[in-house]
There are 2 protein chains.
Amino acid sequence: MATANIKEVARHAGVSLGTVSNVLNRPDTVAPATRQRVLDAITTLGYVRNDSARQLRAGRSRTVAIVVLDVANPFFTDVVRGAEQVIEAAGAMLVVCNSGEDGARERRHLELLEEQRVRGVLITPVDHGPQPVLDKLIERGIPVVLVDRGTGRANRCSVAVDDVLGGRLAMDHLLDQGHHRIAYLGGPLTIAQVADRHAGAAAAVQDRGSTADLRVAVTTNLTVAAGRHAAEELLALPVRKRPTAVFCANDLIALGVLQELTARGVRVPSDVAIVGYDDIEFAGAAAVPLSSVRQPRDQLGRAAAELLLEEAESGDTHRHRHVVFQPELVVRRSSDQPRRTRR
Amino acid sequence: MATANIKEVARHAGVSLGTVSNVLNRPDTVAPATRQRVLDAITTLGYVRNDSARQLRAGRSRTVAIVVLDVANPFFTDVVRGAEQVIEAAGAMLVVCNSGEDGARERRHLELLEEQRVRGVLITPVDHGPQPVLDKLIERGIPVVLVDRGTGRANRCSVAVDDVLGGRLAMDHLLDQGHHRIAYLGGPLTIAQVADRHAGAAAAVQDRGSTADLRVAVTTNLTVAAGRHAAEELLALPVRKRPTAVFCANDLIALGVLQELTARGVRVPSDVAIVGYDDIEFAGAAAVPLSSVRQPRDQLGRAAAELLLEEAESGDTHRHRHVVFQPELVVRRSSDQPRRTRR
DNA sequence: AACGACGCATGAAACGATTCAGGAGGGCTC
DNA sequence: GAGCCCTCCTGAATCGTTTCATGCGTCGTT
């Protein structure tokens with residue numbers, strides 16, 4: 001019942017504790033014959049290392065945690081997969097924690113992770129204000145890497161995508177297509193990503209000296225349902241005031257808009273063009289494939305994981321870095337139809 | 001730097017080790033004044049429990065693992081969320097591991113989890129043959145609960161949804177709508193769910209004594225791309241031989257089919273009706289909202305977690321159970337148009 | 001023959017928490 | 001005031017691993 005321990009293995013193989021440990025950790029320092037005896041003992045006893053003891057001795061664990069806002073959001077699942085690759089290749093283990101956009105849950109998770117002395121934490125924090133909990137982790141020597149939150153602080157690394165540029169790309173595209181009345185859908189504006197994407201869109205209009213009308217419709221969150229709701233409001237406008245294009249803060253909203261418009265007989269893109277953000281898998285698979293601003297999601301995860309491992313290994317000599325990726329516009333059918341210039 | 005330990009706390013508060021431990025674990029056995037002194041020492045020293053030491057002593061950890069086939073699949077993310085609720089409510093922690101449908105990765109994960117002496121494992125195994133790795137875990141006293149794999153073995157609990165019934169529901173619906181040529185899309189058939197759903201569909205045809213023609217098109221996996229590919233093959237058939245309805249083994253395939261058909265000018269549901277499976281969020285949000293067989297995904301996760309905790313606590317007195325949920329057909333536009341009876 | 005070097009193996013000493021048998025002191029009963 | 005119970009606290013023993021100073025041969029060099 002009680003799993004065999006290293007001592008029993010030693011006794012069974014007729015060697016000392018230290019030798020078994022050496023077989024496990026530095027096999028080449030043990031004579032082949034002895035090594036084999038030990039290995040045999042291990043298999044016949046069904047010995048399995050006890051990680052708690054290992055960690056206790058080592059003072060730190062071999063697991064890395066990632067705390068995401070929503071495990072069910074395709075954006076984050078892809079980030080997780082990217083991080084996973086790097087972490088597992090390094091022989092460590094990635095545990096995924098879900099804050100569900102809830103600060104209290106986030107804090108509970110971080111406390112548990114601290115008790116576990118995890119090797120490091122990748123996190124997209126719920127709040128983007130000052131973060132005493134994170135600072136505490138860092139003081140304790142647990143590296144923290146911010147994921148997808150631009151302005152990293154001085155005591156930690158960060159990876160992010162240039163959301164202002166993303167907004168600019170989307171808007172430039174819509175302006176190129178000849179649109180003049182354009183709506184930006186997203187919210188709440190307290191979310192940095194939502195605000196930045198809008199700022200980029202506005203900057204694009206301004207830089208061109210365009211007379212285009214860009215207005216914002218704030219949604220309560222970033223879900224499909226919010227998109228449907230926003231579309232209803234657009235449809236309530238008289239046709240001549242209705243935007244001919246909408247730029248959505250993420251693809252879930254865009255999909256909601258698409259669905260509602262199609263259901264009401266408004267055609268995409270001929271009546272209304274749509275551009276989303278994130279380029280999740282379901283964007284290209286929508287019945288009217290969705291134009292979207294692609295973020296290198298798995299790269300984001302990979303880069304974050306690499307920074308973390310680097311910091312964990314190099315220790316004090318580490319210099320914090322802030323990696324920023326460039327987004328990329330993917331034009332698909334939902335916005336691919338130049339509009340005859342008219343007002 | 002090195003985090004304070006319980007000994008320093010004891011010294012700082014002028015008490016013994018045991019007292020500090022009591023404050024932490026049995027606060028009411030310590031006199032209020034002493035307790036407060038200890039708590040003060042804890043905060044001033046910034047003491048954080050060391051979970052490794054705790055676990056080593058206790059012999060087991062307070063974390064539960066869930067091993068899923070694909071973290072990015074909306075079906076599994078919802079199962080995870082369900083399990084999470086129960087596990088966290090019990091003061092434990094859920095770690096999510098991704099096997100990516102790869103048996104080797106699954107095994108590596110299980111080995112690591114065993115080293116960590118996790119409290120239990122929820123798993124949707126990659127293979128449904130005999131599972132020596134899982135048996136080994138169980139022998140070691142680590143409870144295992146199968147998720148979404150019907151035929152649980154005698155030494156473990158399981159939760160599942162009746163896939164045969166689900167297939168039957170879908171097919172009954174399509175037959176009711178007057179369809180006579182129907183295709184089942186899914187694969188590989190070695191996946192129990194894929195086979196069971198087909199079995200249900202076939203049984204429905206037979207039980208009615210229907211003359212309907214149900215044929216299977218096997219896909220290589222269960223993704224959107226596979227659905228698109230399958231749709232292309234359907235379109236290669238002459239119209240008079242082409243199925244008027246397709247039943248897909250999951251929603252990702254169904255979305256792929258929908259996209260490809262729409263892109264080729266085939267209308268859904270009037271030319272071809274579609275029914276999917278899982279009822280993921282994007283099913284209802286598709287441009288032609290998708291009929292689908294709904295599985296109680298979060299309940300699945302919750303039930304699995306509850307069985308696990310129960311087993312972990314009751315120990316030997318535990319009797320393994322196999323919970324089976326009923327699926328439910330959700331009819332949406334993609335199949336909601338009775339067909340004039342004709343052959 | 002003496003010496004160092006080297007290869008292997010040893011086992012005691014950590015790591016930090018929990019547990020538990022036991023002790024100190026105070027108050028109560030008879 | 002003896003005996004007893006209670007409350008509160010103590011500290012050694014324990015969990016299983018890793019590490020490291022040490023020991024013991026053997027071999028090659030001088």
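Proteins get letters first, then strands, A, B, ... in listed order; numbering begins at 1 in each. These values consider heavy atoms only, across backbone and side chains, with no hydrogens, waters or symmetry-generated copies.
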In whole angstroms, how far is the [atom2] atom of [N] from the [atom1] atom of [X]?
| X | N | atom1 | atom2 | result |
| --- | --- | --- | --- | --- |
| A:Asn25 | C:dA9 | CG | P | 15 Å |
| A:Lys7 | C:dA12 | NZ | P | 10 Å |
| B:Leu17 | C:dT18 | CG | P | 11 Å |
| A:Ile6 | D:dT19 | CD1 | P | 11 Å |
| A:Leu24 | D:dT19 | CG | P | 11 Å |
| A:Arg35 | C:dG7 | CZ | P | 14 Å |
| B:Ile42 | C:dG16 | CD1 | P | 16 Å |
| A:Arg62 | D:dT17 | CZ | P | 13 Å |

* Residues from residues 46-57 of chain A sitting under 4.0 Å of DNA chain C, heavy atoms only? -> A:Leu56, A:Arg57

* Could you tell me whether B:Val20 contacts a base, only the sugar-phosphate backbone, or nothing, with contacts defined as non-hydrogen atoms closer than 4.0 Å? => nothing

Distances under 3.5 Å only, N/O to N/O: pair up the protein atoms with those of nucleotides 20-24 of chain C.
none

* To do: Report the residue from B:Asn98, B:Leu134, B:Ile123, B:Thr124 that forms a side chain to side chain contact (heavy atoms under 4.5 Å, CB included) with B:Glu106.
  => B:Ile123

Pair [X] + [Y]: basic N to acidic O under 4.0 Å:
| X | Y | answer |
| --- | --- | --- |
| B:Glu88 | A:Arg105 | yes |
| A:Arg81 | B:Asp70 | yes |
| B:Arg156 | B:Glu311 | no |
| B:Asp28 | B:Arg35 | no |

* To do: Just compare C:dT10, D:dT18, C:dT18 and give me whichever is closest to any side-chain atom of A:Ser16.
  => C:dT10

* Asked: What nucleotide, of D:dC9, C:dA9, D:dT18, holds the atom closest to the side chain of B:Ala31?
  -> D:dC9

* Structure fact -> Residues at least two apart in sequence or cross-chain that pass salt bridge (Lys or Arg N to Asp or Glu O under 4.0 Å) with B:Asp40, listed by chain then number, are none

* Structure fact -> Of A:Arg117 and A:Val15, the one whose nearest nucleotide on DNA chain C sits closer to the 5' end is A:Val15

* Determine, stepwise, if the pair B:Arg302 / B:Gln85 fulfils side chain to side chain donor-acceptor pair (under 3.5 Å). => CA-CA 7 Å; B:Arg302 275 209 298 273; B:Gln85 285 176 24; 3.3 Å; yes

* Could you tell me the separation between the CD1 atom of A:Ile6 and the CD atom of A:Glu8, rounded to the nearest 0.5 Å? => 11.5 Å

* Asked: Under 4.0 Å: is that the gap between some side-chain N or O of B:Thr29 and OP1 or OP2 of D:dC8?
  -> no

* Asked: Ring centres of A:His322 and A:His320 under 6.0 Å apart?
  -> no

